[in-house]
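Encoded as structure tokens, the structure appears first; notes follow it.
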There are 2 protein chains.
Amino acid sequence: MPSWSDLAADKKRRQQKAIPQEWLITPPPETTLNVTGIPETCGLLTPRELAITDEDVNTLLKRLAGGEWSAVEVTIAFYKRAIVAQQLVNCLTEIFVERALARAAELDDALKKTGKVVGPLHGLPISLKDQLCIKGLETTIGYVSLIGEYAEKNAVLVDILEECGAVPFVRTNVPQTLMWGETLNNIFGRTTNPYNRSLTAGGSSGGESALVALKGSPIGVGSDIGGSVRVPSAFCGVYGLKPSYGRVPYSGALNSLEGQDSVLSVFGPITSSISGLKTFMEAVIKAKPWLRDPLAVRKKWDEAEYQLKDRDNGRKLCFAIMWDDGVCVPHLPITRALKRVQEVLTNAGHNVITWYPIEHRRLGSLTKEIWDAGSLEDFALATSASGEPLIATMVPAGNKVTAASFRARESGLTAYQLWQVQKERKDIRALYMEHWNNSVASTGTGRPVDAIICPASPYAAPPHGHSKFNHYSVVWNALDYTASIFPVTTVDPAIDVKQPCESFIDAFDREVYDMYEPEAFQDAPICLQLVGRTLEEEAVIAMTEIVDAALKARPQ
Amino acid sequence: MPSWSDLAADKKRRQQKAIPQEWLITPPPETTLNVTGIPETCGLLTPRELAITDEDVNTLLKRLAGGEWSAVEVTIAFYKRAIVAQQLVNCLTEIFVERALARAAELDDALKKTGKVVGPLHGLPISLKDQLCIKGLETTIGYVSLIGEYAEKNAVLVDILEECGAVPFVRTNVPQTLMWGETLNNIFGRTTNPYNRSLTAGGSSGGESALVALKGSPIGVGSDIGGSVRVPSAFCGVYGLKPSYGRVPYSGALNSLEGQDSVLSVFGPITSSISGLKTFMEAVIKAKPWLRDPLAVRKKWDEAEYQLKDRDNGRKLCFAIMWDDGVCVPHLPITRALKRVQEVLTNAGHNVITWYPIEHRRLGSLTKEIWDAGSLEDFALATSASGEPLIATMVPAGNKVTAASFRARESGLTAYQLWQVQKERKDIRALYMEHWNNSVASTGTGRPVDAIICPASPYAAPPHGHSKFNHYSVVWNALDYTASIFPVTTVDPAIDVKQPCESFIDAFDREVYDMYEPEAFQDAPICLQLVGRTLEEEAVIAMTEIVDAALKARPQ
């Protein structure tokens with residue numbers, strides 16, 4: 001029986017072999033931190049391929065539907081760019097060029113024969129987090145013990161995407177256990193941030209966000225149980241959506257903490273263009289996932305909610321900005337981004353008020369208690385099967401600065417103890433709903449707040465090993481609120497000069513403050529989060545489009 | 001500090017005092033088993049009051065809306081009949097005549113002043129299970145320790161019903177712990193079956209079903225975690241609906257096993273007329289409960305699903321009859337009812353095939369494991385607070401035949417162990433969905449089966465203490481399928497002669513077989529269950545109406 005490290009090395013070798021030799025580039029030296037320009041300069045992609053991969057999702061789909069661009073050439077273009085990305089930031093797991101191209105060719109044939117697209121995503125390459133099983137391929141979710149397990153069928157979401165005409169073409173990297181805000185495992189290693197490779201890409205969908213940031217994929221699918229779509233999207237400067245439980249089907253995908261029925265992981269899109277969010281969600285929901293996944297909510301796509309019919313058609317909304325969550329104060333560049341959004345929304349005629357958080361600290365700790373209730377057993381079983389070590393820190397080897405924020409406790413809870421934690425969380429959900437409803441008194445629209453705008457995390461992408469347990473993302477999982485990520489700006493050491501601070505909420509707040517060194521965060525993207533209510537995906541997407549348009553209408 | 005028995009006796013005395021003296025009747029002797037005729041013969045209700053209480057829900061609402069009957073007179077009529085029911089089968093907990101009449105008078109005033117109804121349930125008295133808190137009243141859910149706790153606000157559902165114009169007018173009895181298929185507690189005692197008082201009314205919503213069967217309430221609200229709306233509805237011969245999780249708001253109501261986030265309790269209507277199911281559900285859902293209860297699903301009332309637009313407008317449906325579930329064979333009268341439904345549906349032009357159950361036994365035991373994971377602690381805490389004994393059997397005192405089917409195990413599970421059970425249940429949900437989808441090959445409609453028709457329990461209402469853990473109801477909670485109850489016939493010892501049987505599935509199956517003695521079940525109603533898929537309330541109601549109409553069109 002081979003050792004875990006032999007198994008991991010063999011898997012990595014097979015991955016390397018799956019890359020067409022002619023797609024290998026001469027990589028920049030490790031000292032080149034910002035690699036976002038390399039896809040254009042490396043010479044592998046033709047100008048036409050660069051144009052394809054730079055295109056907005058909706059335009060891409062139009063050109064595919066019109067036959068202007070074939071599915072094969074679009075797939076090749078994105079595949080080449082994804083392989084470049086892989087060589088720059090190590091974002092991929094499964095690579096299956098032939099299979100993807102064969103599928104693309106089928107789609108081209110179908111369009112030629114029938115004159116009709118196969119579905120709303122006809123010909124669109126889509127990347128998938130390494131949880132979404134594809135028939136005949138391995139899915140490891142970062143565990144050596146899963147090497148050699150070939151799926152007998154697709155995850156439900158993969159089936160649906162294929163029926164919609166999409167071309168699944170790569171799978172992307174994750175952290176071991178899936179429960180980290182960074183991306184590193186014993187098989188595929190670490191994914192880095194394309195804007196600054198000394199920074200983390202975030203996690204657990206860090207492979208996706210790094211790939212999409214380099215435009216190696218127009219739409220990727222990530223998962224989010226505590227921020228795993230949103231944190232990497234924010235760290236890599238792309239769009240992301242965390243739907244509510246059950247809006248996107250999970251059945252047939254692998255996961256950790258299986259059987260934990262309380263704070264649930266959800267799949268959501270990560271995209272380089274804003275139009276990708278609606279395109280993905282509308283296509284998936286119109287495929288009626290509730291007929292294939294017992295946990296998918298039987299709720300049709302609601303175009304009236306997308307058009308904000310009950311909210312003055314979106315003409316005058318009320319956004320509430322949460323400047324800080326009372327747990328830790330965001331770094332200066334994040335606050336600068338919030339101010340900019342406040343300004344452009346006010347100028348666009350919307351009302352902007354302040355959001356006062358309640359119970360965020362407690363919601364965070366309750367969620368952690370729920371996950372930790374049985375996580376140690378879960379992780380131990382998954383790692384001990386192969387003998388691989390359980391990763392205890394994301395700090396690069398030799399660097400012993402900070403242990404991970406997520407750590408299984410020594411002993412779990414009894415079921416009854418777990419129920420008490422879950423009950424308290426439920427009670428806070430009711431309190432928070434009341435709090436939201438009560439905002440009607442301050443909005444000036446006659447409605448409660450339409451959306452909260454807040455940091456996605458208190459910092460932009462930090463150096464490897466420094467992404468911490470993040471209340472700014474976790475609370476919305478605990479509340480099951482729909483939340484999106486949109487880019488605002490990037491860290492500029494010339495503007496974002498560190499300011500002295502003498503009073504801190506507590507040691508954690510100080511630790512976060514101390515982390516900020518403008519030079520270290522050079523070029524890091526700054527994104528923000530827009531939060532709506534449970535199962536309000538349509539409205540959240542529409543409001544994110546409104547904020548994004550307001551930002552684009554007034555360039556800095 | 002008074003003893004638990006003093007507290008219980010005082011509460012019972014206060015209840016008795018709340019009954020207007022002029023509404024006391026001379027009760028029939030205990031040997032009178034079938035008391036369904038007493039409301040008409042006891043002389044308390046006027047002919048007009050009898051007409052009001054005998055009326056179908058929709059006609060009642062029309063007459064209220066038209067001012068033909070005032071809310072006050074309708075409330076008095078039902079209140080008098082409810083108090084008669086209380087004297088016959090002991091079905092009530094809270095009695096608050098003045099308050100209900102004051103509310104009814106307000107509604108009458110509003111209609112007079114504005115010419116408009118307050119809402120879709122204008123003037124309709126509604127009874128509530130003793131979990132649904134009403135501001136200023138006690139809610140004990142059968143625990144002595146909760147005597148003296150007066151609610152500071154209404155449960156969300158109570159608020160919504162009041163806004164819809166309903167008149168909450170009584171609350172109804174439950175078993176201690178809420179986790180029994182019968183109705184008995186140390187405060188209010190036992191509720192009996194109006195059709196035969198030596199039989200159980202079922203549970204845990206047995207107070208509701210007994211009251212509604214005597215037409216002491218047009219619509220009652222019960223809750224169902226394993227059959228608690230359906231079993232008592234079936235035992236008492238009335239209509240009932242168990243919606244999927246979150247379709248009807250639960251927030252602000254009391255419950256046992258709080259914090260158990262897996263197999264959830266739901267509220268649903270219990271009604272004497274079929275029209276009550278749609279009326280109740282449509283009114284509640286149109287009030288947007290998701291804006292007040294974080295666990296309520298944001299899903300609008302879907303009139304197209306109610307009209308069965310995607311199913312040939314209901315003209316030709318395919319029903320699958322499950323004759324037995326492989327766990328135990330139903331008693332002969334139940335099978336007779338299934339055959340009758342098969343006949344009337346076939347005659348009405350629908351397809352009727354056989355449903356082959358999978359994994360029912362396992363689903364039942366998994367569900368029990370999930371509840372039992374922490375139930376002992378939950379029950380112990382709730383009873384030890386007052387010192388009242390935990391009820392271990394529903395068998396009348398002195399009769400030691402059968403211990404209860406639901407019993408907390410000696411020690412619970414760890415959280416991780418609970419997750420494993422929950423994971424297995426989730427996997428079976430996916431399997432079951434596939435099984436349902438695969439039925440498309442046998443239906444002859446081009447669609448999978450539209451609904452399953454099956455027993456609500458393997459027997460009609462049994463003698464007190466003999467209602468057992470019931471897979472026929474529990475599996476649909478485990479799968480979160482929507483299920484309704486509709487009446488078919490009653491046990492007739494002259495027809496339902498016991499037949500010999502020599503082979504049994506196992507000892508439990510034999511125990512159930514041995515229970516059947518035609519004379520003991522005299523007059524017991526026989527209802528059946530119609531099962532649709534998750535969050536398919538609209539279609540399930542429509543299909544129940546179709547089956548009910550087919551039955552009524554061909555009287556026996």
Side-chain angles (χ1 to χ4, degrees), chain A residues 156 244 246 251-252 257-264 290-300 302 304-305 370 372-378 381 411-434 436-437 448 479-481 533-536, chain B residues 156 244 246 251-252 257-264 290-300 302 305 369-370 372-378 381 411-434 436-437 448 479-481 533-536:
Chain A
V156 165
S244 295
S251 195
L257 310 189
E258 283 263 34
Q260 187 270 106
D261 277 359
S262 193
V263 179
L264 302 178
W290 52 84
L291 296 179
R292 313 196 210 178
D293 177 349
L295 295 187
V297 180
R298 189 183 189 91
K299 182 180 192 314
K300 294 174 183 162
D302 192 330
E305 288 218 345
I370 289 169
D372 278 356
S375 59
L376 189 67
E377 294 95 323
D378 186 84
L381 205 71
S411 63
L413 301 181
T414 68
Y416 181 74
Q417 288 170 326
L418 175 60
W419 289 1
Q420 303 324 298
V421 180
Q422 292 177 167
K423 176 181 181 336
E424 188 178 346
R425 172 202 169 216
K426 194 180 78 169
D427 291 343
I428 295 182
R429 288 176 76 176
L431 265 185
Y432 216 101
M433 177 170 260
E434 213 182 318
W436 189 303
N437 287 340
L479 295 167
D480 192 30
Y481 289 178
R533 302 169 84 163
T534 309
L535 288 171
E536 236 182 28
Chain B
V156 166
S244 295
S251 195
L257 309 189
E258 284 263 36
Q260 187 270 106
D261 277 359
S262 193
V263 179
L264 303 178
W290 52 85
L291 296 179
R292 314 197 210 177
D293 177 349
L295 297 186
V297 180
R298 190 182 186 92
K299 183 178 193 312
K300 294 173 183 162
D302 193 330
E305 289 218 345
E369 282 179 60
I370 290 169
D372 279 356
S375 59
L376 188 66
E377 294 95 323
D378 186 85
L381 206 70
S411 62
L413 301 180
T414 68
Y416 181 74
Q417 288 170 327
L418 175 61
W419 289 2
Q420 303 324 297
V421 180
Q422 291 176 169
K423 177 181 181 334
E424 188 177 347
R425 172 203 168 213
K426 193 180 78 171
D427 291 344
I428 296 182
R429 287 177 75 175
L431 265 185
Y432 216 100
M433 177 170 261
E434 213 181 319
W436 190 304
N437 287 340
L479 294 166
D480 193 28
Y481 289 178
R533 301 170 85 163
T534 309
L535 288 173
E536 233 180 32

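Lettering follows sequence order; numbering is per chain, from 1.
Contact annotation for A/Asp378: both backbone and side-chain heavy atoms come within less than 4.5 Å of a heavy atom of chain B. Residue contact with chain B, scored on non-hydrogen atoms closer than 4.5 Å, involves the backbone and the side chain of A/Leu291 alike. Contact of A/Ile428 with chain B is not made at all, since no heavy-atom distance falls under 4.5 Å. For A/Glu434, the part lying near chain B is the side chain, with the backbone staying farther off; criterion is any non-hydrogen pair under 4.5 Å.
Without hydrogens or angle criteria, A/Arg425 side chain to A/Ser262 main chain gives a donor-acceptor distance under 3.5 Å. With A/Thr534 contributing its side chain and A/Asp480 its backbone, the two residues share a donor-acceptor pair below 3.5 Å.
Of the residues considered (B/Arg292, B/Glu424, B/Glu258), B/Glu258 shows the highest number of contacts with chain A, using heavy-atom pairs under 4.5 Å. Considering only heavy-atom pairs separated by less than 4.5 Å from chain A, the leading option among B/Gln422, B/Arg298, B/Gln417 is B/Arg298. When each of B/Gln420, B/Met433, B/Lys423, B/Lys299 is checked for heavy-atom pairs under 4.5 Å with chain A, B/Met433 comes out on top.
Across all their heavy atoms, B/Ser244 and B/Tyr481 have their closest contact at OG-C, 4.2 Å. Contact detail for B/Arg533 and B/Trp436: the closest heavy-atom pair is NH1-CD1, 3.4 Å. Nearest heavy-atom pair, B/Lys300 versus A/Asp302, reported as atom, atom and distance to 0.1 Å: NZ-OD2, 2.8 Å.
Note that CG of B/Leu257 and OH of A/Tyr416 are 10.0 Å apart. Values are rounded to the nearest 0.5 Å.
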